[in-house]
Amino acid sequence: MAERSTAAVDVADNSDDTSLTAQADQSTADGVAKNRERDTDSDEVQESTRTDGAGTTSPPELHSGHKLARRYRLEECVTRLDGFSSWRAVDEKLRRAVGVHILPADHSRARSVLASARSSALLGDPRFVQVLDAVEENDVVYVVHEWLPDATELTTLLASGPLEPYDAYQMVSQVSSAMAAAHREGLAHLRLNPNAVLRASTGQWRIRGLAVNAALRGVSSDTPQRTDTEAIGALLYAALTQRWPYESDAYGLSGLPKDIGLIAPDQVRAGVHRGLSELSMRALANDGATASRHESPCTTPEELVKAIGEMPRIRPPEPAFTTPPEYQRTTYQQGTYGRQGPHPGVTQPITSPPPPLQSRTGKALKWAVSALLIAALGLGSWQLADALMDQGGKNEDPGQTQTNDGNDKSPKKPISKPIAIKGAQDFDPLGNDGSENPDEIDRLYDNVPGTYWETSFYRSADFGRLKSGVGVILDLGKVQDVGNVTVSFKGATSVELRAADSSATQPQSLDGYTQVAQGSGTTVALKPDKSLKSRYLLVWLTKLPLTEEGNYRGRVVDIKVTS
């Protein structure tokens, strides 16, 4: 009986549809590469020690057209080394392209590959390429994973030059936050290199091979977080300089000159963003290397995420608008469609049109229009004068008198005053860990232009259908009269204003806050329908906007509270 687990994880280092197969060796008729592919041991310089040697078991004898589980038809072998092979295949049941890693069931690393695939599948993070199946069947072990034909490897992107600062910033931000989430679940990559990082057509960066690629090659580390952090630093270094930060050449990139050590990216290439240069050095600081400007090194992806959050945010470049070419009329628009064109060298006489309205009919038409205009002006003036006279007569009505009684007893509308926010706290009672970017929460009321607190990103506007919302709790210091709460967003966002009762205790559950107002937009004024006294207010986001990165996340720029 075959063991089967439906789940989600990685692609092999070399299983991309475009850049990898183009550089792979010429395949034989059955789709098996004659030699090893280009990225087999080229990144040994940054790997930790292998726990075992290359598998001695012969790889299964497979060929194009072979089917696994009567479902996955093998199409092309993209990698064959160390006793395993990786294929591009077709899932005939769902009619989609997939990737497959295959190795014999008695291979020394077969157990660890299955365990790694099933463990990383449980993460379910869309920033990682997903595993679809992990199976032991008929003396073979195979892992089926997503195939991303529209994604491009970082290796391919760097072949044409270094990345722009904004693209490099997005890459290191998304990769760091994804690896931080993986390490919180006890998962490491250990083979994070330019072949394992992909940019989708939407602009989102994705990572393939989480845990699985290292298991396939028998790679382990005593300090997995430090290993992955240094790998992220190397990726950023390569993105900024188009150079590999070690002496050896790798991934189509030239290494650093020998005997000069690790130098900052802004010393390798002119025009490198200073903040990103320092960030890469902080991630690479190891084995005697020191971070730029004596900043403390980042030894975990979590520390790297925090360091990125402390940097000034890099904005996308302004789109360049070019002047459109001068409009040229076509032959059809000139009224000569279907007519014989002039012979070359023959000058065609140009007949000038007659002056407009110079005929007898034209003159009569001009006089008629003039008379109508004069009549309309006269009628309009008469009606305006009549209306002004009527209004003056009403104002002189003796029955209408005004008095200014100094002892007026009518109630006066209270003057609205700003209420200071004494503190704020992220509120995610429906999430896995109960928090949502708590380190950025003070940006809600810091009065600094350009800063904002943002949520995690999701795959749809309704939080990927994982929860109904997320928000922030505002502490006003004491129970006060609340008249209006104005929230500014980056992108149109749906939001509710909820309030705790007038007690001084902060509720810890969503049920402890009552909805008092709601709205949607980029600047939303939330005004309660009834008088409100409260100390704790909950700004609860219910629908998120689409970002320029192709995902959905809420971004709160500022919150103002008035009485």
Side-chain angles (χ1 to χ4, degrees), residues 306 309-310 313 411-431 433-456 463 467-545 553-563:
K306 184 176 180 181
E310 293 170 353
R313 194 173 297 272
K412 295 182 179 180
K413 185 177 181 180
I415 301 175
S416 176
K417 296 181 180 180
I419 299 177
I421 299 174
K422 301 299 182 182
Q425 175 185 338
D426 63 304
F427 188 63
D428 187 19
L430 308 178
D433 55 1
S435 65
E436 194 91 358
N437 292 342
D439 297 335
E440 303 177 1
I441 202 69
D442 56 342
R443 299 179 184 178
L444 293 169
Y445 55 98
D446 58 3
N447 294 321
V448 178
T451 63
Y452 51 82
W453 169 83
E454 63 182 2
T455 69
S456 300
F463 300 87
K467 50 191 173 184
S468 60
V470 68
V472 292
I473 298 174
L474 307 179
D475 183 3
L476 306 182
K478 61 180 180 179
V479 177
Q480 303 190 51
D481 291 317
V482 178
N484 192 48
V485 177
T486 303
V487 188
S488 299
F489 297 99
K490 185 176 181 182
T493 308
S494 298
V495 62
E496 296 176 356
L497 177 63
R498 295 172 173 253
D501 56 24
S502 57
S503 65
T505 304
Q506 176 182 337
Q508 300 300 318
S509 66
L510 184 61
D511 295 337
Y513 297 88
T514 304
Q515 180 181 335
V516 296
Q518 64 180 355
S520 179
T522 55
T523 301
V524 185
L526 301 169
K527 184 176 179 62
D529 297 334
K530 303 178 181 179
S531 60
L532 175 64
K533 287 181 175 290
S534 181
R535 172 178 176 179
Y536 298 102
L537 302 176
L538 172 60
V539 178
W540 185 248
L541 280 60
T542 58
K543 190 173 183 180
L544 306 179
R553 69 165 79 215
R555 298 175 177 178
V556 184
V557 178
D558 188 46
I559 299 179
K560 299 292 185 186
V561 184
T562 57
S563 59

What I'd like to find out is whether the side chain of [X] reaches to under 4.5 Å of the side chain of [Y], using heavy atoms alone.
{"X": "Val487", "Y": "Thr523", "value": "no"}
{"X": "Val556", "Y": "Ser488", "value": "no"}
{"X": "Asp428", "Y": "Lys467", "value": "yes"}
{"X": "Asp558", "Y": "Leu444", "value": "no"}
{"X": "Phe427", "Y": "Leu510", "value": "yes"}
{"X": "Val482", "Y": "Leu537", "value": "yes"}
{"X": "Lys417", "Y": "Thr562", "value": "no"}

Output yes when a side-chain donor or acceptor of [X] lies under 3.5 Å from a complementary backbone atom of [Y], and no otherwise.
{"X": "Asp426", "Y": "Asn437", "answer": "no"}
{"X": "Tyr536", "Y": "Leu474", "answer": "no"}
{"X": "Gln425", "Y": "Gly423", "answer": "no"}
{"X": "Arg555", "Y": "Glu454", "answer": "no"}
{"X": "Thr493", "Y": "Gly491", "answer": "yes"}
{"X": "Thr522", "Y": "Phe489", "answer": "no"}

For [X] versus [Y], what's the shortest heavy-atom pair and its separation?
{"X": "Pro545", "Y": "Lys490", "value": "CG-O, 3.9 Å"}
{"X": "Val516", "Y": "Ala499", "value": "CG1-CB, 4.4 Å"}
{"X": "Ile419", "Y": "Asp481", "value": "CD1-O, 3.3 Å"}
{"X": "Val524", "Y": "Gly521", "value": "CG2-N, 3.6 Å"}

Go through the steps to decide whether Asp475 and Arg535 satisfy the test salt bridge (Lys or Arg N to Asp or Glu O under 4.0 Å), and finish with yes or no. CA-CA 6 Å; Asp475 183 3; Arg535 172 178 176 179; 2.8 Å; yes

Does one side chain, of Asp501 or Ser534, offer a donor that lies under 3.5 Å from an acceptor on the other?
-> no

- Item | Result of checking Glu440, Arg313, Arg443 against Tyr452 for side-chain hydrogen bond (donor to acceptor under 3.5 Å, both in side chains) |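 So, applying the side-chain hydrogen bond (donor to acceptor under 3.5 Å, both in side chains) to Tyr452 and each of Glu440, Arg313, Arg443, only Arg313 qualifies.
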
About how many Å separate [atom2] of [Y] and [atom1] of [X], when rounded to the nearest 0.5 Å?
{"X": "Ser468", "Y": "Leu541", "atom1": "OG", "atom2": "CG", "result": "11.5 Å"}
{"X": "Leu497", "Y": "Lys527", "atom1": "CG", "atom2": "NZ", "result": "11.5 Å"}
{"X": "Leu544", "Y": "Arg553", "atom1": "CG", "atom2": "CZ", "result": "10.0 Å"}
{"X": "Trp540", "Y": "Ile473", "atom1": "CH2", "atom2": "CD1", "result": "9.5 Å"}

Working note: Asn447 + Lys560, criterion side chain to side chain contact (heavy atoms under 4.5 Å, CB included); need CA distance, chi angles, decisive distance, verdict. CA-CA 10 Å; Asn447 294 321; Lys560 299 292 185 186; 2.6 Å; yes

* For atom NZ of Lys543, is the number of surrounding heavy atoms from other residues, nucleotides or ligands below 6.0 Å larger than 12? ->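 No, the 6.0 Å shell around NZ holds no more than 12 heavy atoms from other groups.
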
| said: Surrounding NZ of Lys422 (heavy atoms of other residues, nucleotides or ligands, distance under 6.0 Å), is the total greater than 12? | reply: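 No, the 6.0 Å shell around NZ holds no more than 12 heavy atoms from other groups.
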
